[in-house]
Number of protein chains: 2
Amino acid sequence: MITNVATFKALGDPTRQQILAMLAGRDMTIGEVVDHFDMTRAGVKKHMKLLEAGRLISVKADGRERINSLNREGFKSVMQWVSYFDQFWDDKLDALASLVEQEEQK
Amino acid sequence: MITNVATFKALGDPTRQQILAMLAGRDMTIGEVVDHFDMTRAGVKKHMKLLEAGRLISVKADGRERINSLNREGFKSVMQWVSYFDQFWDDKLDALASLVEQEEQK
DNA sequence: GACATATGAAACCAAAAGGTACTACATAAG
DNA sequence: CTTATGTAGTACCTTTTGGTTTCATATGTC
């Protein structure tokens, strides 16, 4: 319940969200990603590193190229963390239901 | 597909995640939240502001106190954004299934 | 009214993040 | 072998962020 911080941090940037959307279309090398942005290769590389740290992408070497693809782990981790709070909303609704019942009995 | 950045940014910090967990237990004033941290009131206040910007909490005035509670909107927004990528995984699995079929036909 | 308490906001500071330029290395192609 | 391409890494700069201190305001309490 603490390591997902890297994942959320990675998601808290519009550029990185865009990169993820692109990778949902197809796997890409950093070079290909760079072509879609007005930014240095080194700049993009930094974003990729953060995405990888958040386990949102994974990299596979192929010759001198590195293929970047979406990594399900990060997404799963986000889903799980947020799901933890579902219980909270359920309880709230239960409490609300009880209140309504009490009101009706008056 | 861009404003949820504030929400993810708010979630990308361990202190703020802790605060959310506390508020899942019960609603709290800033003062009560401060008691659980080794941090200045102003410091906590800043975190609360970011959580509010991410629509993860909402504030209700009560006399001189301000009651902070979880706000479902931010959580819903996260769920929705991540769900967008579900399609990706589904397609991947479909493609994998096709591959397996082709292999079996050989 | 005088005083305590709960809060908001601004000024300031150190550290982290977003970005660039530059260097170096590995692989592909002539 | 030489050259071009795809990449990683470091040094550096500027902006943002996490945090404190300080001041001002609004509501409760005696």
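Below, chain A is the first sequence line, B the second, and so on; all start at residue 1. Keep in mind that what you see is a predicted model, and the values were worked out from it rather than measured.
- The base of dT5(C) lies close enough to the side chain of Arg64(B) for a donor and an acceptor atom to sit less than 3.5 Å apart.
- Rounded to a whole Å, the CE atom of Met39(B) is 13 Å from the C1' atom of dT17(D).
- In this structure, Glu52(A) places its CD atom 13 Å from P of dT7(D), rounding to the nearest Å.
- Rounded to whole angstrom, the span from the CG atom of Asp13(B) across to the P atom of dT17(D) amounts to 11 Å.
- Between Trp81(A) and Phe8(A), the angle of the ring planes goes over 60°, which puts this pair in the perpendicular group of the 30/60° scheme.
- Listed here is the closest heavy atom pair of Leu23(B) and Asn68(B): CD2-O, 3.5 Å.
- Residue Ala24(A) comes nearest to Phe85(B) through the heavy atom pair CB-CE2, 3.9 Å, listed as atom of the first residue, atom of the second, then distance.
- For the pair Arg16(A) (side chain) and Ala10(A) (backbone), a donor-acceptor distance under 3.5 Å is present.
- Relative to the side chain of Lys45(B), the nucleotides dT7(D), dT21(D), dG8(C) differ in distance, and dG8(C) lies closest.
- In this entry the distance linking CG of Asp35(B) with P of dT5(C) reads 13 Å, nearest Å.
- Heavy-atom nearest nucleotides on DNA chain C were determined for Arg16(A) and for Ala42(A), and the one closer to the 5' end corresponds to Arg16(A).
- Judged by distance alone with a 3.5 Å cut-off, a donor-acceptor contact links the side chain of Lys46(A) to the base of dG19(C).
- Nearest to the side-chain atoms of Thr29(B) among the listed nucleotides dA21(C), dT7(C), dG9(D) stands dT7(C).
- Atom CZ in Arg41(B) sits roughly 13 Å away from atom C1' in dA4(C) (whole-Å rounding).
- Within the 4.0 angstrom heavy-atom criterion, base atoms lie near Gly43(B).
- A close approach under 4.0 Å does occur between a side-chain nitrogen or oxygen of His47(A) and OP1 or OP2 of dG19(C).
- Protein atom CG of Asp62(A) is 11 Å distant from nucleotide atom C1' of dT27(C), rounded to whole Å.
- In this entry the distance linking CD1 of Ile30(B) with P of dA9(C) reads 10 Å, nearest Å.
- Side-chain N/O atoms of Gln17(A) and Asn4(B) include a donor and acceptor closer than 3.5 Å.
- Between Gly12(A) and Asn68(B), the residue anchored closer to the 5' end of DNA chain C is Asn68(B), taking for each the nucleotide with the nearest heavy atom.
- Per the geometry, NZ belonging to Lys9(A) stands 10 Å off C1' belonging to dG18(D), to the nearest Å.
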